[in-house]
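As the structure is a prediction and not an experimental result, all values here were calculated from the model.
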Amino acid sequence: MKGRVLVVDDERAIGIAIQRLLAGRGHHVDTALSAEDAFGRLAESAYHIVITDLSLKQASGMDVLRWTRQHAPETAVIMITAFGSEKIAVEAMKLGAADYLPKPFDNDELQLTVERVLEGIALRRDLRRLQEQVEGAYQFERIVGRSAAMQRVFDVVRKVADTDLTVLVRGPSGTGKELVANALHYNSARRGRPLVKVNCAAFTRELVESELFGHEKGAFTGAATAREGKFEIADGGTLLLDEIGDMSLETQAKILRVLQEREFERVGGNRSIRVDVRIIAATNQDLEGKVKGGSFREDLYYRLNVVSIVLPALRERVEDMPLLIEHFLAAAAARLKREPKALAPDAYRALCAHEWKGNVRELEHALEQAVALASGPEIGLADLPASVRGDPEVAARSDESAGSFRAAKQRVIERFERQFIEEALGRHHGNISHASEEMGMYRQHLQLKLTEYGIDPAKFRTRR
Ligand SMILES: Nc1ncnc2c1ncn2[C@@H]1O[C@H](COP(=O)(O)OP(=O)(O)OP(=O)(O)O)[C@@H](O)[C@H]1O
Ligand SMILES: [Mg+2]
């Protein structure tokens with residue numbers, strides 16, 4: 001690996017000698033004559049390695065080390081120490097130096113040290129990328145859902161993941177918008193490059209812009225050093241603009257320009273920066289309403305809404321509940337290192353009756369709490385959060401959404417009942433008397449259910 005190296009030495013001749021030597025091996029080398037000078041350069045651009053002499057005239061090499069660890073933690077520091085100062089070398093290593101070179105050293109020693117440190121950097125970077133890929137490979141599979149609505153989501157994700165199309169992911173809070181963004185990125189050819197996420201709602205306009213576009217040194221009070229923005233960091237990868245509905249009109253105009261021209265300037269700068277970034281935007285807001293109301297630019301809306309993925313609220317896909325419950329119980333048990341436990345029927349009924357305003361996130365947290373609290377052989381009603389335990393009344397409310405919720409719940413109950421009956425019939429090879437006996441049901445009642453669900457007991461007779 002060829003590196004970018006900064007040499008800090010107040011003896012110009014030494015700096016230049018090191019520069020010549022390393023440049024001869026293909027590295028890019030800059031020199032600085034003082035700690036101050038070095039800080040300026042480090043703030044302006046990124047280096048893999050800083051090689052600094054321990055004894056500089058003003059601030060010492062230790063100061064360079066400390067400053068670099070703090071402000072440019074990705075940059076490795078090699079300390080040049082005087083003959084016989086092992087103690088200080090050890091001190092430097094404790095403070096996070098990558099290596100040290102006792103004087104006098106020859107060219108080979110210098111080259112070897114630099115190359116070893118660069119190798120370490122390359123390894124760590126590969127490892128991190130590998131790690132991200134391993135984690136990412138499961139992202140798609142981690143989205144649980146069998147409902148027709150979720151099948152449609154998977155279908156679109158599969159079709160557009162490996163394209164550069166802009167995707168707008170919508171849905172109420174906690175429905176899995178970020179999961180979808182992950183699935184899109186990790187199923188695209190960009191998966192080896194970064195997926196960078198920016199929450200557009202979390203900051204003031206100035207901060208969002210410096211977060212997105214970066215800033216030059218001195219762009220505003222507090223901008224002591226220049227910084228890359230998320231667009232630059234995401235180069236070659238994907239940028240998730242989260243909570244896009246909460247962005248100021250000024251910032252919207254700037255985003256629109258990047259989308260159209262693929263270039264921008266850092267805050268306080270005038271150099272144009274070009275990037276290759278795939279954009280995914282997410283929001284739980286009514287963007288069309290915001291366009292009508294004038295707080296969201298129509299042109300940006302069309303630019304972002306090339307492909308639209310809508311995640312329905314959990315109560316509109318109650319069919320997914322059993323799978324999600326199973327998934328989160330197992331995940332929580334594994335995370336908390338507990339034996340997996342079954343859910344008691346009353347706890348299950350309470351989960352089905354709850355409104356889930358916080359959607360899948362709320363369900364995940366409720367089950368995690370339940371797994372942590374449960375002390376009996378199964379997870380009971382008492383282990384669920386009070387908010388979930390106490391609201392059959394809420395579910396019974398007669399407003400419209402509760403109505404559609406009840407209808408959906410009814411479908412789930414029916415599905416379960418049908419499965420229950422079919423399994424019993426299977427066990428008894430289609431014998432209605434035996435099956436009804438096992439289920440504790442009147443024979444006539446089972447007959448009615450069979451007609452209602454269109455189940456043919458003859459089908460199970462052949463399975464002997
Ligand atoms: N279909 C799903 N399968 C498995 N886990 C899910 C699913 N949907 C959501 N989750 C989990 O629920 C939590 C919330 O999901 P996520 O952060 O993606 O939601 P969001 O839509 O981005 O919410 P917000 O609008 O609040 O940012 C996460 O822990 C996520 O793993
Ligand atoms: Mg989110």
Is the backbone of [Y] close enough, under 3.5 Å, to the side chain of [X] for a donor and an acceptor to pair up by distance?
X: Asp53; Y: Leu56; result: no
X: Asn187; Y: Ala183; result: yes
X: Gln70; Y: Trp67; result: no
X: Thr113; Y: Glu109; result: yes
X: Ser248; Y: Thr251; result: yes
X: Arg317; Y: Ser147; result: no
X: Arg4; Y: Ala46; result: yes
X: Arg20; Y: Ala17; result: no
X: Asn305; Y: Tyr302; result: no
X: Arg262; Y: Val277; result: yes

Under a 4.5 Å cut-off applied to non-hydrogen side-chain atoms, are [X] and [Y] in contact?
X: Glu119; Y: Met1; answer: no
X: Arg335; Y: Glu368; answer: yes
X: Pro73; Y: Thr75; answer: no
X: Ser210; Y: Arg227; answer: yes
X: Trp356; Y: Leu363; answer: yes
X: Leu351; Y: Leu367; answer: yes
X: Tyr348; Y: Ile325; answer: yes
X: Leu304; Y: Leu259; answer: yes

message: Evaluate Asp242 against Lys197 for side-chain contact (heavy atoms from CB on, under 4.5 Å), listing each step before the verdict.
response: CA-CA 7 Å; Asp242 210 353; Lys197 302 172 181 180; 5.9 Å; no
Nearest heavy-atom neighbours spanning [X] and [Y]:
X: Asn359; Y: Ser173; result: ND2-O, 2.9 Å
X: Gly40; Y: Lys217; result: CA-NZ, 4.5 Å
X: Asp246; Y: Ala201; result: CB-CB, 3.6 Å
X: Ile121; Y: Ala76; result: CD1-CB, 4.1 Å
X: Ala253; Y: Arg297; result: CB-NH1, 3.6 Å
X: Leu42; Y: Tyr47; result: CD2-CD1, 3.8 Å

Using 0.5 Å steps for rounding, measure from the [atom1] atom of [X] to the [atom2] atom of [Y].
X: Ile280; Y: Ile309; atom1: CD1; atom2: CD1; answer: 8.0 Å
X: Ile16; Y: Leu21; atom1: CD1; atom2: CG; answer: 13.5 Å
X: Ile78; Y: Leu110; atom1: CD1; atom2: CG; answer: 7.5 Å
X: Lys230; Y: Leu239; atom1: NZ; atom2: CG; answer: 8.5 Å
X: Leu249; Y: Lys254; atom1: CG; atom2: NZ; answer: 13.0 Å
X: Arg303; Y: Gln252; atom1: CZ; atom2: CD; answer: 15.0 Å

Aromatic Phe213 / basic Arg266 pairing, under 6.0 angstrom, 45° off normal: no
message: One pair to check against side-chain contact (heavy atoms from CB on, under 4.5 Å): Met150 and Leu311. What are the steps and the verdict?
response: CA-CA 7 Å; Met150 288 308 288; Leu311 292 163; 4.0 Å; yes
message: Test side-chain contact (heavy atoms from CB on, under 4.5 Å) on Lys341 and Leu329; report intermediate values, then the result.
response: CA-CA 8 Å; Lys341 283 183 190 174; Leu329 284 180; over 6 Å; no
field: Arg274/Asp235 under salt bridge (Lys or Arg N to Asp or Glu O under 4.0 Å): CA gap, chis, key distance, verdict
entry: CA-CA 9 Å; Arg274 292 197 72 82; Asp235 196 14; over 6 Å; no
N-O pairing of [X] and [Y] below 4.0 Å:
X: Asp155; Y: Arg152; result: no
X: Lys357; Y: Glu355; result: yes
X: Arg190; Y: Asp164; result: yes
X: Asp320; Y: Arg146; result: no
X: Glu288; Y: Arg170; result: yes

task: Test Asp30 against Arg41 for side-chain contact (heavy atoms from CB on, under 4.5 Å), laying out the working first.
output: CA-CA 9 Å; Asp30 292 327; Arg41 286 188 172 273; 3.8 Å; yes
message: Exactly one of Leu65, Val64, Val50 should register a side chain to side chain contact (heavy atoms under 4.5 Å, CB included) with Met79. Which one does?
response: Leu65
message: Applying the side chain to side chain contact (heavy atoms under 4.5 Å, CB included) criterion to Ile51, which one of Leu22, Val77, Val117 satisfies it?
response: Leu22
message: Does either side chain, that of His215 or that of Glu209, offer a donor lying less than 3.5 Å from an acceptor on the other one?
response: no
- request: Mind running salt bridge (Lys or Arg N to Asp or Glu O under 4.0 Å) on Asp99 and Arg116 for me, showing each step along the way?
  value: CA-CA 9 Å; Asp99 210 340; Arg116 197 165 51 228; 2.9 Å; yes
Just checking [X]: does its [atom1] atom have more than 12 heavy atoms from other residues, nucleotides or ligands closer to it than 6.0 angstrom?
X: Asn270; atom1: CG; result: no
X: Lys292; atom1: NZ; result: no
X: Phe220; atom1: CZ; result: yes
X: Glu36; atom1: CD; result: no
X: Lys159; atom1: NZ; result: no
X: Arg338; atom1: CZ; result: yes
X: Gln260; atom1: CD; result: yes
X: Arg205; atom1: CZ; result: yes

query: Would the Phe296 and Tyr301 ring centres measure less than 6.0 Å apart?
result: no
Option passing salt bridge (charged side-chain N to carboxylate O under 4.0 Å, His left out) with Arg271 (candidates Glu265, Glu263, Glu44, Glu216): Glu216
